Amino acid sequence: MTTASFEIKNNYKVIVSRNIPSEDRGMSAQASILKTHCVNAVKQFTQPFTTGQKQRELTASIFLLLQNIAVLPEQNDEGVNPPNHHTILNALKFASLIPSKYPNPEIDVDPDGEVSFEWYIKPSQILTASIRSDGRIVYAGLNDMEKVSGKDYLKERFPSGIAAFLDELF
Amino acid sequence: LPTDLGSDEFLIRFVYDSKGIRQDGTIKPKEFLPHPKHNNLSVFKKFTSDESAIWNLSDEIRPDGKKGIARGEIKASTIAKIGLIVDFDNEPPNHANVEGWPPNSEKEKQLSLAQELALNATGFRRS
């Protein structure tokens, strides 16, 4: 089993453990994918686009996802794919755009490999946004009797449709 | 609904991911999203009230040996009210597919339906 660990320091330095097998020792396809995820995510992560404790927690959640990806087969028996590194990078950028006035969402992976961000109060008050490798964002929400859904693309600002619904929820 | 599935019968969606059930015991909507390739949701008719038999089924249906850690139960009639279709194929026994999902290109609509299913489902954690 391939494993990797990430340590997130207060100064945002990311340490990737060295127990990822090297190509010289016969890297598996799974480990190779993981290494690509790590290298690309660390490059992006070390750019100064985040500040504050909430951003640190969000980014840590995404790195935790990376750790989980390390133990996923490339495609499991359910035909579910793990996210690729473009999706991870987009998730990091999306996380950096979330206004600090909202609580941090829970981050997870959808069956199709998109990274999801879930703001949850109770089952009837929820908003989920999923981001894809090409930057497409889809979202859906419930606020008791009200339902919303829509799509947008990752830009330099937090999507207004999602913000408007979160303003209602929180 | 199929004639061999009563409207008051419950359908079970098994959960294998520890993040699929929240601390408050509710099942997350992502557990009700359709399979990305087949665009359907695999469920089972609640064929017994025997808990151990239900959990045994959750284990038997996974070729990778994963064990079910939770399940969501939802009435068959509720699925129909939401606008989805239950195809009771009984293969394997008691199996059904929830169909009628929007295409993958309209994932926001899939998410919305999954949220409604989760809202109407009762979560059970394996003890």
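Residue numbering restarts at 1 for every chain, and letters A, B, ... go by the order of the sequence lines. Just so you know, these numbers come straight off a predicted model, no measurement behind them.
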Closest heavy-atom pair and its distance - K122(A), Y120(A): C-CE1, 3.2 Å
task: Compare every heavy atom of W101(B) with every heavy atom of A114(B), then report the nearest pair and how far apart it is.
output: N-CZ3, 4.2 Å
field: Side-chain ion pair, E106(A) and R22(B), N-O less than 4.0 Å
entry: no
message: Does any backbone or side-chain atom of S116(A) lie under 4.5 Å from a heavy atom of chain B? Answer side chain, backbone, both or neither.
response: neither
- prompt: Is there a donor-acceptor contact under 3.5 Å linking the side chains of N84(A) and T87(A)?
  reply: yes
- request: Between chain A and each of K28(B), E31(B), Q115(B), count heavy-atom pairs under 4.5 Å; write down the option with the most.
  value: Q115(B)
query: Between D17(B), L119(B), N120(B), I27(B), which residue shows the highest count of heavy-atom pairs closer than 4.5 Å to chain A?
result: L119(B)
- prompt: By number, which residues in residues 104-113 of chain B have some heavy atom less than 4.5 Å away from chain A?
  reply: N104(B), S105(B), K107(B), E108(B), L111(B), S112(B)
task: Before accepting this row, confirm whether a basic side-chain N of the pair K67(B)/D59(B) lies closer than 4.0 Å to the acidic partner's carboxylate O.
output: yes
- prompt: Does the side chain of S42(B) pick up a donor-acceptor pair with the side chain of H95(B) at under 3.5 Å?
  reply: yes
Donor-acceptor pair, side chain of Y16(B) and main chain of S58(B), under 3.5 angstrom: yes
query: Under the 4.5 Å side-chain heavy-atom rule for ILVMFWY, direct or indirect, which residues accompany F124(B)?
result: none
- prompt: Hey, are the side chains of E118(A) and I126(A) touching, using non-hydrogen atoms and a 4.5 Å cut-off?
  reply: yes
Pair K46(B) + E73(B): basic N to acidic O under 4.0 Å: yes
message: Using only atom types and a distance under 3.5 Å, with no angle test, would you say the side chain of N39(B) pairs donor to acceptor with the backbone of P102(B)?
response: yes
task: Answer yes when R71(B) and E51(B) have at least one side-chain N-carboxylate O distance shorter than 4.0 Å, and no when they do not.
output: yes
statement: Among residues 157-170 of chain A, those lying within the under-4.5 Å heavy-atom range of chain B are none
- request: Identify the residues of residues 127-136 of chain A whose heavy atoms come closer than 4.5 Å to a heavy atom of chain B, ordered by number, or report 'none'.
  value: L127(A), T128(A), S130(A), R136(A)
field: Mutual orientation of the aromatic rings belonging to W119(A) and F94(A) [parallel < 30°, tilted 30-60°, perpendicular > 60°]
entry: perpendicular
field: NZ/NE/NH1/NH2 to OD/OE distance under 4.0 Å, D112(A) and K37(B)
entry: no
